[in-house]
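Heads up: the structure comes next, in structure tokens.
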Amino acid sequence: MTDLLSGSTFVIEQKRKLFEMRNQYRIFDEAGAEVGKVEQVNQSPLALLARLGTDLDAMLPTTLEVHDAAGQTVLLIRKPWFRLTLSVSKPDGTVLGSIAKRIRMGKARFTISDTSGSELGEVRAQNWRAKDFVITDQAGNEIAQATKKWRGLATEMFTDADTYVVNFQPYAAEPLRSLGLAAALAIDVILKQSD
């Protein structure tokens with residue numbers, strides 16, 4: 001895997017737009033250097049019209065490409081129509097796993113699964129507001145934290161632009177490292193776009 005995924009802290013900042021027609025994010029390291037970006041690709045005209053005319057963003061199909069600082073694609077993240085599941089793969093098509101929102105009352109939770117559907121871990125909201133999340137492995141050990149940060153009154157009121165800080169534990173290994181980074185994007189694409 002590329003150097004992009006070897007860091008311990010990432011800041012994933014969604015680009016500010018008054019009218020958001022496709023998801024775009026920048027990825028920074030703990031020193032504030034831009035180390036990557038995320039671009040939504042292959043949006044169909046039907047999905048674009050649905051995004052323009054409805055509040056159903058979380059139900060629309062989404063394909064995200066995660067690029068390193070050199071512009072090389074390092075991860076592909078796909079969400080199909082009307083599903084609350086993201087599939088995460090390498091650029092060569094090798095599937096790393098999936099992240100699925102659990103339909104339940106209470107604090108938000110996502111299941112992280114491997115390619116066979118076996119549970120590798122989970123993403124668990126730490127509060128009812130779903131601003132702070134813990135990412136754990138199958139044994140319940142914390143491998144990362146994802147925290148939604150405040151971006152200022154104007155940004156919060158007039159845009160959907162969110163910022164997430166993802167802090168990995170030193171022992172976090174693949175594929176959970178890649179799936180943990182994708183989990184922060186899953187929180188935004190599935191949970192926060194409809195807010």
* side chain to side chain donor-acceptor pair (under 3.5 Å) against Glu39, all qualifying residues, sequence neighbours excluded -> Arg22, Gln24

Atom [atom1] of [X] and atom [atom2] of [Y]: how far apart are they, to the nearest 0.5 Å?
X	Y	atom1	atom2	answer
Glu34	Lys37	CD	NZ	8.0 Å
Gln138	Ile112	CD	CD1	11.5 Å
Leu179	Ile143	CG	CD1	8.0 Å
Asp132	Thr147	CG	OG1	4.5 Å

Closest non-hydrogen atom pair, [X] against [Y]:
X	Y	answer
Phe168	Gly180	CZ-C, 4.0 Å
Ala183	Ile99	N-CD1, 3.5 Å
Leu76	Lys90	CD1-O, 4.0 Å
Ala182	Ile77	CB-CD1, 3.8 Å
Val95	Thr115	O-CG2, 2.9 Å

* Asked: Is there a path from Leu75 to Val11 through hydrophobic residues (I, L, V, M, F, W, Y) whose side chains come within less than 4.5 Å of each other?
  ->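 Each belongs to a different hydrophobic cluster.
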
* Is it true that Phe28 and Val165 fall in one hydrophobic cluster, defined by side-chain heavy atoms closer than 4.5 Å? ->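 Yes, Phe28 and Val165 fall within the same hydrophobic cluster.
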
Do [X] and [Y] have side chains that approach each other closer than 4.5 Å (heavy atoms only, starting at C-beta)?
X	Y	answer
Val123	Arg109	no
Phe10	Tyr164	no
Leu86	Arg78	no
Thr9	Val166	no
Leu176	Leu120	yes
Ser8	Glu30	yes
Ser89	Leu96	no
Gln126	Phe133	no

* To do: Please answer whether the main-chain N or O of Gly7 pairs with a side-chain N or O of Arg177 as donor and acceptor at a distance below 3.5 Å.
  =>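 Yes; judged by distance alone, with no hydrogens or angles, the pair exists.
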
* **Test item: Gln40 side-chain N/O and Asn23 main-chain N/O as donor-acceptor pair under 3.5 Å** => yes

* To do: Could you pull out all residues at least two apart from Glu119 that satisfy salt bridge (Lys or Arg N to Asp or Glu O under 4.0 Å)?
  => Arg102

* Hey, which of Val88, Thr73, Leu185, Ile12 is the one that makes side chain to side chain contact (heavy atoms under 4.5 Å, CB included) with Val66? -> Leu185

* To do: Scan side-chain atoms only and decide if Thr111 and Ser113 contain a donor-acceptor pair under the 3.5 Å cut-off.
  => no

* For Asn42 and Thr63, does a side-chain donor sit closer than 3.5 Å to a side-chain acceptor? -> no

* Asked: Do Phe110 and Ile187 pass the side chain to side chain contact (heavy atoms under 4.5 Å, CB included) test, and can you show the C-alpha distance, the side-chain angles, and the key distance before you say yes or no?
  -> CA-CA 9 Å; Phe110 295 80; Ile187 292 165; 4.1 Å; yes

* **Those residues that, when tested against Thr136, pass side chain to side chain contact (heavy atoms under 4.5 Å, CB included) (two or more places apart)** =>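 By the side chain to side chain contact (heavy atoms under 4.5 Å, CB included) rule, Thr136 matches Glu122, Arg124, Val134.
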
